[in-house]
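Below you'll find the structure, written out as structure tokens, and then a few comments.
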Amino acid sequence: MNLTQRIATAALFAVSTLSYAQLEGDKIDTTAAHHPVLAIQDTETAAQRDARMKWWREARFGMFIHWGLYSIPAGTWNGKPSHGAGEWIMNDSSIPVADYKALAPKFNPVGFSAHDIVALAKSAGMKYIVITAKHHDGFAMFDSKANPFNIVDATPFKRDPLRELAEECRKQGVKLGFYYSQDQDWTSPGASALKTGDHQPPTYHWDKAQDGDFDTYLHTKAIPQIKELLSNYGEFPVVVWFDTPTGNMTPERAAEIVTLLNQHPNLIWNNRLGGGYKGDTETPEQYIPPQGFPGQDWESCMTMNDTWGFKSDDTDFKSTETLLHNLIDIASKGGNYLLNIGPDSNGVVPAAEAERLHEMGKWLAVNGEAIYSTGPTLFGAEAGAFSSTEKNGDGKPKFIAAWNWRSTTGRGANANKIYIEIFNWPSGSFHLDKLSRKVTSAYLLADPAHKSLKLTRNGDSLEVQLPAQAPEAIASVLVLKTAK
């Protein structure tokens, strides 16, 4: 997945998979979509939806894993670097099907440890994992009886990483979800997107071996493999993450998949199935919506560097500070952060990624109360504002984020708390012009004793006296306790 590629190919999608129109500031209306089979989302009550989504809304932070055969070329084919994301190299370099399939006998990731990856997610404070069971290259990272192009049958590894991850997730108390490319499959006949009109982007079809019938692919590979994923791993997956529906994914074809999903009533799935189905979650990719998606469940999926699948030359890693600020910003708008890792061809997580996750986990070990199980901010101005002078590429006002502080709102047992995540430590005190609740006390979350801080009220405004030094280098959390 690559944001530039998605924007270039947005016209291909029957229903936007990247919330492309939302990137442009417009709202997509799918309420009139024809649903040959009603999804659970179409029939459940608000209370039933709240119960189904409860754990996901509380989690706030998850791990995305992009891992597959593409980790072998690692961004280079025949000595030429690929300019796209690592997992798109087959497409970007127009690799013939036979040549790409020849990578499978070379794939033996003996360095893979499900224990270590789940432990890494847990140490980072992540509550769930979503891994690529099959990406657009068509290679299944699990034991599939439906198609032999998989990690057990086609490689010397002969192990099912998804089964090992499922076992470790059970042991370590982390939830597990599967990504599945239901539409694009560049190594299966009939499943490579073709140009269908004058205004369509370039075709994802470059090899005669890709010729074929989409329905044959759907019924002999995609649907059987989705059945396997839904049935063979116990209580998992709890999430199914679809991607890149093209014009092939008609309402009728999507309905066949929905029929399977409906057999698992607690399952959560995203808005990228296609065929007019909205799914459960909005999925902004590589960006944080300026104001989130008020009243909707949403999840920003983002990379640590510039790629999803492993690329050996991509060392453009974001700082821990940026990653934590992203998490806080997303939580303040009521969303989840799905942060990616891309293991190499040996199954090892790059050291730079592991290091950043450990650092994030240290902050969350102290300040996680301000992230998990919280609701969006009660304020608004701290998130920023639309500029009166600066414009986006489409000529609309640019949103200017105010990186001074963010806030989240406690729920459940902490419903009487407001959390203020301060990035730039103020001198002397923290000031609020107006607050809709009456504050009875304040303390710093990093203070083990939760020593009360001096409050000064002047009409609707509030002043909280702060110590001279910030307790946390990246973001310090001020807790405001309010009257119930």
Side-chain angles (χ1 to χ4, degrees), residues 1-3 5-6 17-19 56 59-68 70-71 84-88 112 114 116-137 141-142 161-162 165-166 168-169 174-182 229 236-244 268-272 279-288 297-311 314 317-318 322-324 326-327 330-331 335-344 347-350 352-354 356-358 360-361 364:
M1 295 182 298
N2 177 282
L3 183 58
Q5 290 164 328
R6 294 236 191 276
T17 64
L18 182 58
S19 295
W56 189 91
R60 287 290 174 247
F61 193 23
M63 172 184 280
F64 218 173
I65 305 176
H66 277 68
W67 187 40
Y70 40 80
S71 61
E87 75 285 359
W88 276 73
F112 170 76
D116 291 353
I117 287 181
V118 177
L120 175 61
K122 194 166 185 178
S123 73
M126 293 163 153
K127 302 298 185 181
Y128 61 107
I129 293 171
V130 178
I131 183 170
T132 49
K134 176 178 82 86
H135 207 271
H136 309 326
D137 63 350
M141 292 290 289
F142 61 98
L162 270 57
L165 283 170
E168 281 300 328
C169 282
V174 177
K175 294 185 181 296
L176 180 64
F178 299 147
Y179 168 114
Y180 189 86
S181 177
Q182 78 286 4
L229 291 171
F236 301 130
V238 292
V239 170
V240 173
W241 220 96
F242 296 112
D243 204 11
T244 61
I268 295 169
W269 46 282
N270 67 354
N271 65 334
R272 301 190 184 195
D280 294 305
T281 57
E282 296 292 332
T283 53
E285 183 172 324
Q286 296 287 45
Y287 80 107
I288 302 171
D297 294 299
W298 63 278
E299 174 185 68
S300 277
C301 56
M302 304 178 81
T303 56
M304 287 199 211
N305 49 358
D306 296 326
T307 187
W308 300 90
F310 179 73
K311 288 184 76 173
D314 186 355
F317 290 98
K318 302 172 183 69
T322 294
L323 297 174
L324 271 173
N326 285 346
L327 173 61
I330 289 167
N336 283 16
Y337 190 24
L338 190 60
L339 184 59
N340 186 72
I341 62 169
D344 64 21
V348 176
V349 179
E353 296 178 357
R356 284 157 175 77
L357 290 181
H358 284 304
M360 295 180 77
L364 282 163

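The two residues Leu338 and Glu299 have their closest heavy-atom pair at CD2-OE1, 3.6 Å. Nearest heavy atom pair, residue Leu323 against residue Arg356, reads CD1-CB, 3.9 Å. In plain terms, the two heavy atoms of Val239 and Trp56 that are nearest each other are CG2-CD1, 4.3 Å. The two residues Ala133 and Phe178 come nearest to each other via the heavy atoms CB-CB, 4.2 Å. Nearest heavy-atom pair, Pro350 versus Gly342, reported as atom, atom and distance to 0.1 Å: CD-O, 3.3 Å. Smallest separation of non-hydrogen atoms from Leu176 and Cys169: CB-SG, 4.0 Å.
Side-chain contact between His135 and Trp88 is present, with heavy atoms from C-beta onward closer than 4.5 Å. With a 4.5 Å cut-off on side-chain heavy atoms, Met304 and Leu357 count as touching. The closest side-chain heavy-atom distance from Met126 to Leu339 is below 4.5 Å. Between His66 and Thr307, every side-chain heavy-atom pair lies at or beyond the 4.5 Å cut-off. Using a 4.5 Å cut-off on side-chain heavy atoms (C-beta onward), Val238 and Tyr128 make no contact. Residues Glu285 and Trp308 meet the side-chain proximity criterion, which asks for heavy atoms closer than 4.5 Å. Two residues are said to be in side-chain contact when any heavy atoms from C-beta on lie closer than 4.5 Å; Leu162 and Leu229 meet this criterion. Within the 4.5 Å cutoff, no side-chain heavy atoms of Trp67 are placed close to those of Ile117.
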Asp280/Asp297 under side chain to side chain contact (heavy atoms under 4.5 Å, CB included): CA gap, chis, key distance, verdict: CA-CA 7 Å; Asp280 294 305; Asp297 294 299; 5.9 Å; no
Stepwise side chain to side chain contact (heavy atoms under 4.5 Å, CB included) check, Thr322 with Phe317: CA-CA 10 Å; Thr322 294; Phe317 290 98; over 6 Å; no
Would Val348 and Phe310 count as a side chain to side chain contact (heavy atoms under 4.5 Å, CB included) here? Give the steps. CA-CA 10 Å; Val348 176; Phe310 179 73; over 6 Å; no
Determine, stepwise, if the pair Ile131 / Met63 fulfils side chain to side chain contact (heavy atoms under 4.5 Å, CB included). CA-CA 8 Å; Ile131 183 170; Met63 172 184 280; over 6 Å; no
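Distance alone, capped at 3.5 Å, places no donor-acceptor pair between the Asn271 side chain and the Gly279 backbone. A side-chain donor-acceptor contact under 3.5 Å links Gln286 to the backbone of Thr303. In this structure a side-chain-to-backbone donor-acceptor pair under 3.5 Å is missing from Ser181 to Lys134. Side-chain atoms of Lys318 come within 3.5 Å of backbone N or O of Asn305 as a donor-acceptor pair.
Using the six-membered ring where Trp is involved, Tyr179 and Trp241 have ring planes that are parallel, under 30° apart on the 30 and 60° scheme.
Distance CD1/Ile330 to CE/Met302: 6.0 Å, rounded to 0.5 Å. In this structure, CZ on Phe236 lies 6.5 Å from NZ on Lys175, to the nearest 0.5 angstrom. Rounding to the nearest 0.5 Å places CG of Asn336 at 10.5 Å from CZ of Phe61.
A side chain to side chain contact (heavy atoms under 4.5 Å, CB included) with Arg272 holds for exactly one of Thr281, Thr283, Thr244; it is Thr283.
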